[in-house]
There are 2 protein chains.
Amino acid sequence: MNRKDAYTILAEYNIKPSPQRMAIMEYLLNSCTHPTIDEMYNCLIKSMPTLSKTTIYNTLKLFIENGAAQMLTINEKTSCYDADTSPHAHFICEKCNKVLDLYYDVEDIFPKSENMHGHLIKSMQVYYRGICKECKKDIN
Amino acid sequence: MNRKDAYTILAEYNIKPSPQRMAIMEYLLNSCTHPTIDEMYNCLIKSMPTLSKTTIYNTLKLFIENGAAQMLTINEKTSCYDADTSPHAHFICEKCNKVLDLYYDVEDIFPKSENMHGHLIKSMQVYYRGICKECKKDIN
DNA sequence: TTTTAAGATTGTAATCATTACAAATAAGAA
DNA sequence: TTCTTATTTGTAATGATTACAATCTTAAAA
């Protein structure tokens, strides 16, 4: 595996490591499901019984401020989180509700310059919605 | 003005008109600010004192189900709404929090086919974040 | 016209994600 | 060690959204 570990990533973004921060970053890196706070909490509490949900909120806020993660506001009810900060889009399946990464075509989507109609563009998010490959099978 | 009126739009989307529905669609059409439920309520209550916030929620849900409006989940706290269902992106200013429409370049962004990596794409949303033209002036 | 049934609107109460806050704990410097 | 600061934690508050039951409207049937 060529993925960097949690400790290295935290260091890269100038985030002082702590057991909680490491565990949360670790979880984000190992999950490809774009977890919600609750999902993280329910899993991590098993190996770290003193963990508080507030800590997860605080930690993710810190990660985002330092550029180590991004918040996805796909769902109007619950935010979910992604430690992959490289340019990519997200596909949300209306049947199974999974959130998948889409790297295809993304180069075309991102603005060539940081300026667009005179506005300064700092970041962008692209959400596709539909039926995923797997769920399409079930329908046929 | 070549914009269609609320009555015509409701008819087009098979939504039975009512004073409340007309007023809400009217408001959406006349505002270019992508209003939240609260903004709509606070304005409409003046001319329609019996209006309930629940009705606004119900009505927008109906509009969305029938394709007459879309919900923008730009903000993690509050959804906002847009009666413009033509393909366009949204720019959110981090300073003044305004949500602006961006039609530029959008053709490039939308998928050429309805298929992408085997997934069926039904809709897409594009959110840019940054500093808008006006707020940039204030900084300099 | 009156009756009736379905649809639309309303207000209140419940839900639930997120945040505020203050106390407890951990880490690091002196 | 002691002192100071950063981090974590639990509880309580906030606030958007939804559930639900009661009321009002509409329009068709009798």
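All chains are named by letter (A, B, ...) in the order of the sequence lines, taking the proteins before the strands, and each is independently numbered beginning at 1.
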- Give B/K77 one of three labels, base, sugar-phosphate or nothing, depending on what nucleic acid heavy atoms sit under 4.0 Å from its own. sugar-phosphate
- Item | CA sep, side-chain torsions, deciding dist, call: A/D84, A/Y103, side-chain contact (heavy atoms from CB on, under 4.5 Å) | CA-CA 11 Å; A/D84 181 353; A/Y103 292 90; 2.3 Å; yes
- Note on the structure: Here the distance between atom C1' of D/dG15 and atom OH of B/Y41, to the nearest Å, is 15 Å
- Measure the SG-CG distance between B/C32 and B/L28 for me, rounded to the nearest 0.5 Å. 12.0 Å
- A/M48 atom CE is separated from C/dT25 atom P, nearest whole Å, by 17 Å
- Item | Spacing of A/I64 atom CD1 relative to C/dT19 atom P, expressed in whole Å | 10 Å
- Task: Report the distance from atom NZ of A/K61 to atom C1' of D/dA6, rounded to the nearest whole Å.
- Result: 15 Å
- Item | Atom-to-atom span, CG of B/L60 to P of D/dT17 - whole angstrom | 10 Å
- Query: In whole Å, what is the span from the CZ atom of A/F63 to the C1' atom of D/dT7?
  - Reply: 13 Å
- Query: What distance do A/L100 atom CG and A/K133 atom NZ have between them, rounded to the nearest 0.5 Å?
  - Reply: 9.5 Å
- Item | Closest-nucleotide 5' rank along DNA chain D - winner of A/S18 and B/S79 | A/S18
- Query: C/dT18 phosphate, OP1 or OP2: any side-chain N/O from A/Y57 under 4.0 angstrom?
  - Reply: yes
- Note on the structure: Assign each of B/P19 and B/N58 the nucleotide of DNA chain D bearing its closest heavy atom; nearer the 5' end lies the nucleotide of B/N58
- Kindly give the heavy-atom pair with the smallest separation between B/R129 and B/F91, and that separation in Å. C-CE1, 4.1 Å
- Note on the structure: When B/P49 and B/R21 are each assigned the nearest nucleotide of DNA chain C, the 5'-most assignment goes to B/R21
- Item | Nearest-Å distance for atom pair CE/C1', residues B/M71 and D/dA16 | 11 Å
- Note on the structure: Comparing nearest nucleotides in DNA chain C, the 5'-proximal residue of the pair A/D38, A/T54 is A/D38
- Query: OP1 or OP2 of C/dT10 sitting under 4.0 Å from any side-chain N/O of B/Q20?
  - Reply: yes
- Task: May I have the distance from B/I37 (atom CD1) to C/dT10 (atom P), rounded to whole angstrom?
- Result: 14 Å
- Could you check which of C/dG11, D/dT17, C/dA17 has an atom nearest any side-chain atom of B/S52? C/dG11
- CD (B/E76) and CG (A/N75) are apart, to the nearest 0.5 Å, by 13.0 Å
- Message: Heavy atoms only, 4.0 Å cut-off, all strands: where does B/T36 land among base, sugar-phosphate and nothing?
- Response: nothing
- Query: Picking from D/dT8, D/dA6, C/dT18, which would you name as closest to the side chain of A/K16?
  - Reply: D/dA6
